[in-house]
Asks: 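To start, I am sharing the structure in question, which I have written as structure tokens.
Values reported hereafter were calculated over all heavy atoms of this structure, with side chains retained and with hydrogens, waters and symmetry mates removed. All chains are named by letter (A, B, ...) in the order of the sequence lines, taking the proteins before the strands, and each is independently numbered beginning at 1. Bear in mind that the values here come from a model prediction, so they are computed numbers and not experimental data.
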Amino acid sequence: MPAEAMSVVQPARSSTEPSLAERVFVCVELIPSGSVLSYGDVAEYIGTGSARIVGRILATEGYDGLPWHRVLRADGTCAEHIRAEQLGLLRAEGVPIRGDRVQMSTARWDGR
DNA sequence: AGACTGACATAAA
DNA sequence: GTTTATGCCAGTC
């Protein structure tokens, strides 16, 4: 996570609604084209321990304009319902793909 | 309040 | 390489 982004992602300010969802959105927006992050990576960046929450948020509050396709499972596979489109988008961005899975070792965003 | 759920992760078989 | 079992935890009902 870039330092300049932390100030935006950090805010656990309001006692009423820190909202993990907003932090997820900001983090996902920062992923550069051609790179990817796992759900667990995003969870770690925004300060929650659970990757499942990230998936749930994208599933329910995702909006267009958000590069959701740059987030996938840690082993490089993606959820069945979105697999085809996701792989297509990633391939178009030049992400290394072997068969039906992304090569996380080289595609994973290092935070820079 | 309590049970259920899930675009997940990881270890073990 | 694969499949199966367990843990996970915030949101939703």
Side-chain angles (χ1 to χ4, degrees):
Chain A
M1 174 64 87
E4 66 272 21
M6 291 308 287
S7 58
V8 185
V9 178
Q10 258 308 311
R13 74 285 186 185
S14 172
S15 56
T16 57
E17 274 303 320
S19 181
L20 279 178
E22 291 190 12
R23 310 219 301 272
V24 170
F25 297 151
V26 172
C27 184
V28 173
E29 284 171 352
L30 291 173
I31 305 172
S33 174
S35 296
V36 300
L37 282 183
S38 72
Y39 295 97
D41 290 336
V42 175
E44 184 181 340
Y45 284 142
I46 67 177
T48 182
S50 179
R52 307 193 71 136
I53 304 307
V54 176
R56 171 179 276 283
I57 289 171
L58 290 179
T60 61
E61 336 247 341
Y63 61 91
D64 19 284
L66 191 71
W68 57 269
H69 56 281
R70 294 181 190 144
V71 184
L72 67 168
R73 292 184 184 145
D75 66 356
T77 62
C78 19
E80 192 59 31
H81 42 282
I82 55 173
R83 187 166 53 66
E85 182 182 5
Q86 182 160 35
L87 287 176
L89 289 168
L90 291 176
R91 202 186 310 272
E93 293 184 350
V95 172
I97 298 176
R98 181 185 63 221
D100 63 343
R101 75 174 52 180
V102 172
Q103 291 192 123
M104 293 301 282
S105 53
T106 59
R108 190 173 178 224
W109 184 38
D110 56 14
R112 293 168 297 151

Asks: Would you kindly give the OH-to-C1' distance between A:Tyr39 and C:dG7, to the nearest whole Å?
Replies: 19 Å
Asks: On the nucleotide C:dT2, are OP1 or OP2 found under 4.0 Å from the side-chain N or O atoms that A:Arg101 carries?
Replies: yes
Asks: Please determine if A:Asp110 and A:Arg112 form a salt bridge, counting it only when a charged side-chain N lies under 4.0 Å from a carboxylate O.
Replies: yes
Asks: Have a look at A:Ser38 and say if it touches a base, only the backbone sugar-phosphate, or nothing, with a 4.0 Å heavy-atom cut-off.
Replies: sugar-phosphate
Asks: So which heavy atom on A:Tyr39 is nearest to which on A:Leu58, and how close?
Replies: CE2-CD1, 4.2 Å
Asks: Heavy atoms of chain A, cut-off under 4.0 Å: which first and last nucleotide of DNA chain B, 5' to 3', fall inside that, if you could look?
Replies: B:dT5 to B:dA9
Asks: Hey, which of these two, A:Arg98 or A:Ile53, hits DNA chain C nearer its 5' end, going by closest nucleotide?
Replies: A:Arg98
Asks: So if I take residues 62-76 of chain A and measure heavy-atom distances to DNA chain B, which residues fall below 4.0 Å?
Replies: A:Trp68, A:Arg73, A:Ala74
Asks: If you round to the nearest 0.5 Å, how far is CZ of A:Arg101 from CZ of A:Arg83?
Replies: 11.5 Å
Asks: So, for A:Cys27 and A:Ile46, which heavy atoms are closest and what is the spacing to 0.1 Å?
Replies: CB-CG2, 3.9 Å
Asks: Report the distance from atom CZ of A:Arg52 to atom P of C:dT6, rounded to the nearest whole Å.
Replies: 15 Å
Asks: With sugar-phosphate meaning primed atoms plus P, OP1 and OP2, does A:Glu44 contact a base, only sugar-phosphate, or nothing at under 4.0 Å between heavy atoms?
Replies: nothing
Asks: Working to the nearest 0.5 angstrom, can you tell me the gap between A:Glu80 CD and A:Gln86 CD?
Replies: 11.5 Å
Asks: Say you draw a straight line from CZ of A:Arg91 to NE2 of A:His69; how long is it, rounded to the nearest 0.5 Å?
Replies: 13.0 Å
Asks: What are the two closest heavy atoms between A:Met104 and A:Leu37, and how far apart are they?
Replies: CE-C, 4.4 Å
Asks: Counting distance only, does the side-chain N/O of A:Ser35 pair as donor-acceptor with the main-chain N or O of A:Ile31 below 3.5 Å?
Replies: no
Asks: Between C:dA10 atom P and A:Leu20 atom CG, what is the distance in whole Å?
Replies: 7 Å
